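Note that this is a predicted model, so its numbers are computed, not measured. Numbered from 1 within each chain, the chains take letters A, B, ... in sequence-line order.
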Amino acid sequence: MAVAIDTPLRQVFDYRAPAGTAAGPGYRVWVPFGRRRVVGVVVEGRDDTEVPSEKLRAAFEVIDDEPTFSAELLALLTWAAEYYRHPVGEVLSSAMPVHLRNGAPLRQETILWRLTDQGREQALATLPARSVRLRAIAEYLLNHAQAPASEILSATESPLSALRNLETRGFVEQFAREAPETGPVSIVRAGPPLNEAQAAAVERITNTLGSFASHLLYGVTGSGKTEVYLHAIAAVLARGHQALVLVPEISLTPQLIARFRGRFDAPLAVLHSGLNDTERMAAWRDAREGTARIVIGTRSAVFSPLPQPGLIIIDEEHDPSFKQQDGFRYSARDLALVRAQRLGIPVVLGSATPSLETLARARKQPETMSRLPERAGSAKPPKLFLVDLRKNAATQGIATPTVMAIRRHLDEGGQVMLFINRRGYAPVLFCPNCGWSAHCRRCDAHLTVHARGRDLICHHCGSQEPLIAGCPNCFADVKPVGQGTERIEETLENLFTGAPLARIDRDSMRRKGELEATLERVNRGEIRILVGTQMLTKGHDFPKVTLVVVLNADQGLFSTDFRAPERLAQTIVQVAGRAGRAERPGEVLIQTEYPDHPLLTLLLTGGYAAFADGALTEREQSHWPPFARIALLRAEATDQQAPLQFLHSARALADDYPVRGVRLLGPAPSPMERRAGRFRAQLLLHAPTHSPLQRFMSGWLTAVAMLPEARKVRWSIDVDAAELS
DNA sequence: AGCACGCCGACT
DNA sequence: GTCGGCGTGCTC
């Protein structure tokens, strides 16, 4: 049998079945591997092998009496390993909770304790009053009928010996919990009435239940996408099927979960990064056994086991967090589409700012696109204005017209939100005398001034240094240059004395619950001015905000990354969507030095749709995705030359594997060559469609992996790379 | 990745 | 004389 093992080796290993047993695809097995004993997953049950019999070893044992992965999930995972050119053993391993990777049994019988008939009748009557613990346990079980030992012991503050004592007396007994009841009941509560567009979207989606269709739910913030999801899910539950909902990490909030729980009395499994291994195992098991009717989770939840799949939803489908940026570099959004297609179920992609890939797909099938134009509560969409930074004086990054607008909104009782995509006080510490600036020792990057000027922190490797007052070169006074959230906060405090202000970024919201608490204060109106990073754009609603300011729109306009303008437009529209939710129309100011930039013009005059049309035309003309396919071969090493040498050799090898249409660009050092002490370089593969690219990689990468230079670097391939850095 | 083997430097 | 540095090879 062929077994996938958690190792970077790009192959599977053949084993003889353990004596007297057989294991089909999807089963986990303990196998000898080198000198180790490891968990593997059977990917093919066949007995034939080309491995010489003296090398072939027998598996030790089959772990469970049922497969860990269904045929469907195993096929999806092996397909993904192939597509993303990642070792299949690592892919399968990453799709399992840690306990399963380490060989824990798939089903864990929960051992519960309960009173025996004798115990129920006699325990309290016969146990002496001084046996406080024993009596407490008996009493607890009279009230609770059954409970795990851990719960009983912690509730009664007793040692395990007390429970054992009662067992010896015949008062309590342990038993394994029966298999979960089949066919869990899903109760759906009525939601608010749908508007016309929402109802049409729900109908379009539910009409395709039972077959593959990809729906784009294109609705501005506040247009009620979640309500459409909830109605579609209700239809799925009614058919006895499960729904899988994928969301970006940051928007998986208690409020969202509460909204699902409020609507459905159906078991819900939540999968996110905050779970510990045991919780993750439990949620995974609930999904696999069908106990959970709705599975809601972040990126990796796309690999949830689902015995009765009915619908997949991807909320905020444009969000970059759906693409894993290290190791197994998959896109959960793309895999959700593949999975839905293989399963023959519909998938819903929801966004106010769909990715250009998704828009291009929707153009080909306009019938699958549902637009939700209306804003709930019929508030007017916000008006966008540009503030020309070349013509207007700025105080610490805030232009005079912006200051005036903020004052006006504050005077009128509105709330103001300022967005700047840069944490810290200032991005550069500079010596005006000699031109020196503070650089990270381990990265090709400036150190950011932090904590109102007490620390220097590298945003790329996290290293931290105390701030210096004098230039190490010429001893002149150094000064912070540029703006970060902290400095904007300081400037605003000075400009608008007395206006309560809050800053929301990764630094100010470190502690758990702090973000929720601050958002609560904002929505109660205790905060008048809000400064923050990307965090502000993700999922939260600010109904009282009437003015939104985008302080630095220009970073995205001239980037080397072809996706930068798309990201910028998405950010602007997402931030703008936070304004004017209530009766007041919102106003959005975008500060820029390039007010005539065509993409900004499109965004302002025609909104995201016009921008996307323009950007798609540009992509088509310059042959970038979605009008081409790319992959990036990356390499890094502590030695500066090694990555480039490896990539040059890799490129030279390409001549041996000619495939029409595949072009190689580079190698070149990465945009930030040195990061955390390692030098990085990359080689770009480009092809008109995926199939020649895939054909090329299948031969070429095997040879690349065998290059002697490959041993001197850490290399990886990134298929459909999202960031060219 | 792990893990072992193997051949050259500074020390219990 | 050993402990251990990381180069090289292998994992069915």
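Look at A:Asp718 and A:Arg634 and you find a salt bridge, because one of the NZ, NE, NH1 or NH2 atoms lies within 4.0 Å of a carboxylate O, short of that distance.
Among the candidates A:Arg563, A:Arg567, A:Lys323, the single residue satisfying the side chain to side chain donor-acceptor pair (under 3.5 Å) test with A:Glu723 is A:Arg567. When each of A:Arg342, A:Arg288, A:Arg339 is paired with A:Glu72, the salt bridge (charged side-chain N to carboxylate O under 4.0 Å, His left out) condition holds for A:Arg339 and for no other. Residue A:Gln324 is tested with A:Arg299, A:Arg329, A:His86 for a side chain to side chain donor-acceptor pair (under 3.5 Å); the sole match is A:Arg299.
Distance A:Arg37 CZ to B:dG2 C1': 17 Å, rounded to the nearest Å.
Atom CD of residue A:Glu357 and atom CZ of residue A:Arg619 lie 6.0 Å apart, to the nearest 0.5 angstrom. Separating the CZ atom in A:Phe679 from the CD atom in A:Glu673 is a distance of 6.0 Å, to the nearest 0.5 Å.
DNA chain C is contacted by no residue of residues 73-102 of chain A, taking any non-hydrogen atom closer than 4.0 Å.
In this structure, A:Ile457 and A:Gly462 approach most closely via the heavy-atom pair CG2-O, 4.4 Å. When all heavy atoms are compared, the tightest approach of A:Leu76 to A:Val302 is CD2-O, 4.4 Å.
Nearest-nucleotide mapping onto DNA chain B: of A:Pro8 and A:Arg35, the residue sitting toward the 5' end is A:Pro8.
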Within the sub-3.5 Å range, which N or O atoms of nucleotides 5-12 of chain C have a protein N or O partner, and how far apart are they?
residue : atom : partner  : partner atom : Å
C:dG9   : N7   : A:Arg711 : NH2          : 3.2
C:dT11  : OP1  : A:Lys55  : NZ           : 3.0
C:dT11  : O3'  : A:Gly34  : N            : 3.1
C:dC12  : OP1  : A:Tyr15  : OH           : 3.1
C:dC12  : OP1  : A:Pro32  : O            : 3.1
C:dC12  : OP2  : A:Arg57  : NH1          : 2.6
C:dC12  : O3'  : A:Asp14  : O            : 2.6
C:dC12  : O3'  : A:Arg57  : N            : 2.8
C:dC12  : O2   : A:Asp14  : N            : 2.8

